[in-house]
Amino acid sequence: MSKSSLKQTLKDLDTKKISIRELNQDYLKRIKENENLNVFIYFSEENVLKQIDNLENDNSAKKLKGIPIAIKDLFCTKSMPTTAASKILENFHPTYESFITQKLLDEGSIFVGKTNLDEFAMGSATNTSFFGNTINPLSKENEPLAPGGSSGGSAAAVAADLCLGATGTDTGGSIRQPASFCGVVGIKPTYGLCSRWGIAAFASSLDQAGIFSHNVEDASILLQSIAGFDQRDSTSAKVDIPNYFENLDDDLNGKTVGIPKEYSIDGTPMEISQIWEDAIKVLEKKGVKIKNISLPHTKYALPTYYIIAPAEASSNLARYDGVKYGFRSDEIDSLDEMYENTRAQGFGREVKRRILIGTYVLSAGYYDAYYLKAQKVRKLIANDFNNAFKECDFIVTPTAPSAAFPLNEKQNDPIKMYLNDVFTVPASLAGLPGISIPFGKDKNNLPLGIQILGKHFDEQQVFNAAVSLERSYE
Amino acid sequence: MKIDKNTINKIARLSRIKLDDKESEDYIKDLNSILDWVEQLNEVNTENVEPLSNISSSILPKREDVSNDTNSSEEILENAPDNLEGFFAVPKVVE
């Protein structure tokens with residue numbers, strides 16, 4: 001496991017132990033050595049060197065000055081193309097910078113490249129990308145493993161130490177599940193904490209940006225940098241952003257952790273139940289009160305999600321029509337032909353599947369039976385959490401129902417694939433913050449993740465519990 | 001079976017996605033199995049439950065009505081597959 005840390009690197013840069021150029025050349029070298037992992041959709045050494053030149057001529061103090069960061073290729077960046085891992089956005093050059101990448105640039109970070117993902121963030125293995133699979137850096141030579149998804153490229157970039165942090169987005173688990181598969185830290189903050197301006201939209205009532213990092217401290221530093229109100233995103237929240245890092249406190253004495261009984265699911269591997277128990281024991285030793293809680297509608301979260309997310313996706317992806325940007329088919333005898341062929345050839349199989357199902361559940365005569373019904377169940381799921389948080393300060397569960405699975409594992413059954421998100425989707429529907437931290441290994445020495453969920457905008461409690469568990473594990 | 005050949009054609013048409021016969025068959029199978037699976041939501045009593053459409057409880061904020069230039073039409077058109085005299089260009093619509 002990598003020993004890199006953003007916190008330490010910032011110190012080393014500050015004391016001139018290492019220069020920005022030396023630091024980034026080290027990362028460039030590793031990126032080039034690891035090209036076989038297919039972590040990046042866009043990488044240009046020249047582009048990185050230019051950023052280094054610019055920073056060397058910049059004398060102002062900046063919080064993340066010179067820090068190499070990888071950006072999920074769902075964030076619009078002016079200096080690099082943005083594809084959403086889709087053929088339909090091949091060669092798209094945004095004319096503006098996303099809110100989050102602008103904040104990272106303002107703080108002086110260096111973008112090492114744009115990372116691979118499932119097409120439009122739809123998937124759990126980074127295997128629906130138009131640009132090919134990303135390989136989990138923890139794979140053994142003869143058996144490539146999936147990095148999880150959709151933010152698999154960003155998780156792999158951190159795991160292979162190709163950057164000191166990476167951005168991701170999480171709609172139903174797309175940060176937490178790949179973090180678990182790659183053995184890194186991944187946080188999805190509260191819905192509304194980070195602006196979605198300039199992020200290609202998938203399911204707008206669920207999409208939220210977040211961070212991958214080598215450890216919890218680094219995540220707390222980076223999240224503070226990307227959070228904040230933005231008037232261009234009407235769901236962006238006007239809340240004060242605390243200094244998560246300064247406020248980190250691993251003393252959990254007197255706190256109460258909720259353990260939801262519905263997360264004990266038949267068929268969960270023994271090792272995952274075991275690390276969950278281990279985490280609970282560690283917390284108990286730290287003086288945390290263990291409270292068994294019930295989230296009765298948990299089993300309905302996945303079907304609810306797979307109505308709401310495709311419905312919103314079908315609407316959001318209507319903009320890709322071959323007129324304004326991106327790919328246009330050559331077969332364009334009429335306007336309708338142009339739309340239909342462009343979208344048929346420009347979208348991959350999973351994206352089309354979700355657009356079709358979303359169109360169906362929103363179509364006349366079916367809206368109430370599917371979409372409205374799902375929104376009502378979503379309310380009950382959110383209520384479950386509200387009730388649970390009356391009795392506890394945070395909730396601890398496993399992150400994913402398995403360790404990283406083989407890349408070549410047949411995923412013909414969409415529902416089986418969707419089950420990857422069984423532990424992450426409920427909190428997404430409720431808009432709650434959640435973090436995944438590495439906590440133990442399975443029998444093949446692959447990392448397993450523990451998920452910590454908190455109350456709305458209580459990222460501090462999530463970080464505190466995470467850092468406490470992390471320090472006890474190291 | 002909820003989705004048959006006619007339904008899939010109708011949805012594909014609404015979605016502006018051309019499907020060949022093989023794809024249609026695959027999607028009929030996929031969509032039916034997904035719709036059967038989500039059917040379990042009917043077990044849940046949702047009488048008098050308000051639908052949750054947006055999790056952010058904040059009231060939509062208002063902003064000052066001031067104009068700003070963030071993009072130029074030239075820049076925007078650079079991404080267009082086809083453009084003509086400052087406009088997006090598409091195949092002829094009127095004969």
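Naming: A, B, ... by sequence-line order, numbering from 1 per chain.
- Between Arg13(B) and Asp336(A) there is a salt bridge, with a side-chain nitrogen of the basic residue lying less than 4.0 Å from a carboxylate oxygen of the acidic one.
- Of the inter-residue distances, the one linking Arg16(B) atom CZ with Ile355(A) atom CD1 reads 13.0 Å to the nearest 0.5 angstrom.
- Atom CG of Asp413(A) sits about 8.5 Å away from atom NZ of Lys29(B), to the nearest 0.5 Å.
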(request) Determine, step by step, whether Ile17(B) and Tyr339(A) satisfy the side chain to side chain contact (heavy atoms under 4.5 Å, CB included) criterion, reporting the C-alpha distance in whole Å, the side-chain angles of both residues, the deciding distance to 0.1 Å, and the verdict. (result) CA-CA 7 Å; Ile17(B) 295 174; Tyr339(A) 292 145; over 6 Å; no
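- Of all heavy-atom pairs between Pro81(B) and Gly326(A), the closest is CG-O, 3.5 Å.
- Atom CG of Asp240(A) has 12 or fewer neighbouring heavy atoms from other residues, nucleotides or ligands inside a 6.0 Å radius.
- Within 6.0 Å of atom NZ in Lys10(B), 12 or fewer heavy atoms from other residues, nucleotides or ligands are found, so the atom counts as exposed in its surroundings.
- Taking chain B as the reference chain and counting heavy-atom pairs below 4.5 Å, the highest number among Ala430(A), Gly192(A), Ala318(A) is found for Ala430(A).
- Neither the backbone nor the side chain of Gln345(A) has a heavy atom closer than 4.5 Å to any heavy atom of chain B.
- Nearest heavy-atom pair across Ser53(B) and Arg378(A) is O-NH1, 4.3 Å.
- Atom CG of Leu356(A) sits about 9.0 Å away from atom CD of Glu23(B), to the nearest 0.5 Å.
- Contacts of Leu19(B) with chain A are made by side-chain atoms alone, with heavy-atom separations under 4.5 Å and no backbone atom involved.
- Tyr27(B) carries Arg349(A) over the face of its six-membered ring, with the cationic atom under 6.0 Å from the centre and within 45° of the normal.
- With a 6.0 Å radius and a threshold of 12 heavy atoms from other residues, nucleotides or ligands, Glu50(B) has its CD atom at or below the threshold.
- Contact detail for Val323(A) and Ala80(B): the closest heavy-atom pair is O-CB, 3.8 Å.
- Looking at Ile307(A), only its side chain comes within 4.5 Å of chain B, counting heavy atoms on both sides.
- Defined by atom type and a distance below 3.5 Å, a donor-acceptor pair is missing between the side-chain atoms of Glu75(B) and Tyr96(A).
- When the candidates Tyr300(A), Tyr325(A), Phe92(A) are compared by the number of heavy-atom contacts under 4.5 Å with chain B, Tyr300(A) comes out ahead.
- For chain B, no part of Asp321(A) is nearby; none of its heavy atoms comes within less than 4.5 Å.
- Across Thr359(A) and Ser15(B), no two heavy atoms sit closer than the pair OG1-OG, 3.0 Å.
- Note: Ile76(B) CD1 to Thr95(A) OG1 = 5.5 Å, rounded to the nearest 0.5 Å.
- Looking only at heavy-atom pairs under 4.5 Å with chain A, the residue among Asn45(B), Asn42(B), Val90(B) that has the most is Val90(B).
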(request) Take Lys18(B) and Glu337(A) through the side chain to side chain contact (heavy atoms under 4.5 Å, CB included) test and state the conclusion after the steps. (result) CA-CA 8 Å; Lys18(B) 185 166 279 181; Glu337(A) 283 263 297; 2.7 Å; yes
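- For chain A, the nearby part of Thr7(B) is the side chain; its heavy atoms alone come within less than 4.5 Å.
- Around the CG atom of Asp330(A), the shell of radius 6.0 Å holds no more than 12 heavy atoms that belong to other residues, nucleotides or ligands.
- Tyr366(A) does not touch chain B: none of its heavy atoms, backbone or side chain, sits under 4.5 Å away.
- Using a 4.5 Å cut-off between heavy atoms, Thr304(A) touches chain B through backbone and side chain atoms alike.
- The parts of Val44(B) that come within reach of chain A are both its backbone and its side chain, each placing non-hydrogen atoms under 4.5 angstrom from that chain.
- Note on Leu14(B), Ile34(B), Asp20(B): by heavy-atom pairs under 4.5 Å with chain A, the leading option is Ile34(B).
- Contacts between Ser314(A) and chain B at a heavy-atom distance below 4.5 Å are absent for every atom of the residue.
- More than 12 heavy atoms of other shown residues, nucleotides or ligands fall within 6.0 angstrom of atom OH in Tyr367(A).
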(request) Check step by step if side chain to side chain contact (heavy atoms under 4.5 Å, CB included) holds for Tyr360(A) and Ile8(B). (result) CA-CA 9 Å; Tyr360(A) 180 75; Ile8(B) 200 81; over 6 Å; no
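- If you tally non-hydrogen atom pairs under 4.5 Å between each of His456(A), His297(A), His93(A), Gln231(A) and chain B, the highest count goes to His93(A).
- Interface remark: Ile415(A) contributes side-chain atoms only to the contact with chain B (heavy atom separation under 4.5 Å).
- No part of Asn83(B) comes within reach of chain A, as not one of its non-hydrogen atoms sits under 4.5 angstrom from that chain.
- Between Thr46(B) and the choices Lys376(A), Lys373(A), Gln375(A), the side chain to side chain donor-acceptor pair (under 3.5 Å) rule is met once, by Lys373(A).
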(request) Evaluate the criterion side chain to side chain contact (heavy atoms under 4.5 Å, CB included) for residue pair Arg353(A) and Leu31(B); output intermediate values, then yes/no. (result) CA-CA 8 Å; Arg353(A) 179 155 62 203; Leu31(B) 265 59; 4.2 Å; yes
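- Here the CG atom belonging to Leu429(A) is positioned 8.5 Å from the CG atom belonging to Leu52(B), to the nearest 0.5 angstrom.
- To the nearest 0.5 angstrom, Leu41(B) atom CG is 10.0 Å from Lys299(A) atom NZ.
- Heavy atoms only, all atoms of each residue included: Lys2(B) and Tyr370(A) are closest at CD-OH, 3.3 Å.
- With a 4.5 Å cut-off on non-hydrogen atoms, Leu302(A) touches chain B through its backbone and its side chain both.
- Shown here for Pro91(B) and Leu335(A), the closest heavy-atom pair between the two residues is CD-CD1, 4.0 Å.
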